[in-house]
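Written below as structure tokens is the structure these notes are about.
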Amino acid sequence: MPPKTFEGIDKPDLDKQIWDWKSANPKFKESKRYPIETLPLNMTKVMQGAKIVSPNLVSIRIDYEESN
């Protein structure tokens with residue numbers, strides 16, 4: 001199966017996403033977890049009064065297999 005990639009703001013955010021994914025897919029078994037990587041920061045011009053969206057700063061990739 002292709003690896004699953006999660007992107008988030010920080011490690012606790014990634015942990016929550018992984019937990020939610022595993023809870024929703026109990027038949028998937030994690031086979032390898034890669035180190036957390038820092039994502040490049042994309043800077044864009046923000047208009048005055050516009051809501052600033054927090055960017056995804058880290059990502060992690062997980063290899064998994066489907067168990068019976």
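Since the structure is predicted, the reported quantities are computational estimates derived from the model, not experimental observations.
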*Compute whether any side-chain donor of one residue and acceptor of the other, for Tyr34 and Asp63, lie under 3.5 angstrom apart.*
yes

*Give, for atom CD of Glu65 and atom CD of Glu30, the distance between the pair rounded to the nearest 0.5 Å.*
10.5 Å

*asked:* With a 4.5 Å cut-off on side-chain heavy atoms, are Arg33 and Ile18 touching?
replied: yes

*asked:* Does any part of the side chain of Phe28, heavy atoms only, come nearer than 4.5 Å to the side chain of Met1, both counted from C-beta?
replied: yes

_For Glu7, is there any backbone N or O sitting under 3.5 Å from a side-chain donor or acceptor partner on Gln17?_
yes

*What do the steps show when you test Leu39 against Val58 for side chain to side chain contact (heavy atoms under 4.5 Å, CB included), and what is the final call?*
CA-CA 5 Å; Leu39 296 172; Val58 292; 5.7 Å; no

*Linking I/L/V/M/F/W/Y whenever their side-chain heavy atoms sit closer than 4.5 Å, directly or via other members, would Ile36 and Trp21 fall into one cluster?*
yes

_Asn25 CG to Lys27 NZ distance, which is reported to the nearest 0.5 Å_ = 7.0 Å

*Is the CD atom of Glu37 crowded by more than 12 outside heavy atoms at less than 6.0 Å?*
no

*Should Leu41 and Leu57 count as side-chain neighbours, where that means a heavy-atom distance under 4.5 Å?*
yes

_Shortest non-hydrogen contact between Tyr64 and Ser31, atoms and distance_ = N-OG, 3.7 Å

_Which residues pass the salt bridge (Lys or Arg N to Asp or Glu O under 4.0 Å) test with Asp10, not counting sequence neighbours?_
none

_Testing the basics here: between Leu14 and Phe6, what is the closest heavy-atom pair and its distance to 0.1 Å?_
CD2-O, 3.7 Å

*Taking side chain as C-beta onward, heavy atoms only, is Ile60 less than 4.5 Å from Thr5?*
no

